Amino acid sequence: MHTYSPQIPASLVTALRAAERVAVLTGSGISAESGVPTFREAQTGLWVQYDPQQLATPEAFKNNPRLVWEWYAWRRELVTKAKPNPGHLALVHLEPMVPELSLITQNIDGLHQRAGSQGVIELHGNITRTRCSIDGEPVESWNETGEIPPRCPRCGGYLRPDVVWFGEMLPETALMTAIEIAERCDIFFSIGTSAVVQPAASLPLNAKRQGAILVEINPDETPLTPLVTYSLSGQAGDILHRLVQIASIR
Ligand code: APR
């Protein structure tokens, strides 16, 4: 089936070339083309019977730490096998083209960093990192005794993935930095996110309120769509690649 690939508006290219500060917020949609299922897509295989929103919670971990640890181990496996796609790579190519590019992601897959993006602001943590569930400090290595979840070598408490669960606070510094970026950018891209989960979903609104151009890249409509300056309906990999390619031709 031919996927509709919209024209890139010339005025958007002009605005991107003129922008001093470009902000980008990505969601799981930008990793979909790397084969990482978006957060709200049905789970597959063993996990099909579980709703992610029931697993990614402190309560789920308290009630069944083994199940939650194994779910993240399965997702970490998926992510490790995944490769950055043209959408991630286009953002790497955009970086040197503009005076300041700030990349904020809700994704925990680390694919932006693996693509080569610098200074990625991770609002929801990173699945490839582990931390002690008691003191929250990162843990790089531990004794594999076969117990699941493994235990913290310092205090003996359970280890957990270094991600933000529903109902948990976001990392303070990351969130404050993201808000500052939204409030001073000239152009704000919302890419591959359903724009419903707070506080990330408020960032494009902060940007619009101070006069930034708002661009959404998503094959589907979201609550943000009616508010944006440019709505590019399609796959991030295709649209971003073409946008950056056209903008790079001076
Ligand atoms: N290119 C661009 N967008 C895409 C693509 C693609 N190839 N494929 C899917 N999308 C869009 C979907 O249309 C959807 O709007 O990506 C969006 C993914 O939305 P969600 O699955 O809700 O993921 P996200 O917005 O990242 O969720 C935000 O909520 O669930 C929590 O912590 C979790 O970080 C996640 C946060």
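None of the values given here were measured: they were computed from a predicted structure. Atoms within a ligand are numbered from 1 in the order they appear, just like the ligands themselves.
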Review point. Using a heavy-atom cut-off of under 4.0 Å, does the side chain or the backbone of T193 touch ligand 1, or both, or neither?
Key: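 Looking at T193 and ligand 1, atoms from backbone and side chain both fall under 4.0 Å.
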
*asked:* Just to be sure I read this right, does ligand 1 sit under 4.0 Å from the backbone of H124, its side chain, both, or neither, counting only heavy atoms?
replied: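 The answer is the side chain of H124.
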
Between T193 and A195, is there a donor-acceptor pair closer than 3.5 Å when you use the side chain of the first and the backbone of the second?
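Checked: pair present.
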
Ligand 1 and [X], any nitrogen or oxygen pair closer than 3.5 angstrom?
X    : result
N107 : no
I30  : no
A236 : yes

Q. Under 3.5 Å, is there a donor-acceptor pair between the T222 and E216 side chains?
A.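 Side chains of T222 and E216: pair found under 3.5 Å.
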
**Item:** Check: S202/Q198 side-chain N/O donor and acceptor closer than 3.5 Å
**Value:**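 Per modelled atom types, S202 and Q198 side chains form a pair under 3.5 Å.
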
Ligand 1 atoms in contact with [X] (distance to a heavy atom under 4.0 Å):
X    : answer
Q106 : 28 (C), 34 (O), 36 (C)
G27  : 26 (O)
E33  : 1 (N), 6 (C), 7 (N)
A32  : 8 (N)
D220 : 13 (O)
F166 : 30 (O), 31 (C)

request  = Please work out whether the ring planes of W165 and Y72 are parallel, tilted or perpendicular, with thresholds of 30° and 60°.
outcome  =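 Plane angle between 30° and 60°, so tilted.
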
Does any part of the side chain of L12, heavy atoms only, come nearer than 4.5 Å to the side chain of L232, both counted from C-beta?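 Contact flag for L232/L12 side chains = yes.
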
Exercise for review: Flag the pair R66 / N64 as yes when at least one side-chain heavy-atom distance between them is below 4.5 Å, and no otherwise.
Suggested key: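 A side-chain contact exists here, since the closest heavy-atom pair is under 4.5 Å.
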
| message | Is the positively charged end of R76 above the ring of W74, judged by distance under 6.0 angstrom from the centroid and angle within 45° of the axis? | response |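 Cation-pi check for R76 and W74: fails.
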
*Residues in salt bridge (Lys or Arg N to Asp or Glu O under 4.0 Å) contact with R129, at least two apart in sequence or another chain*: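 If we apply the salt bridge (Lys or Arg N to Asp or Glu O under 4.0 Å) test to R129, skipping adjacent residues, the hits are E122, D162.
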
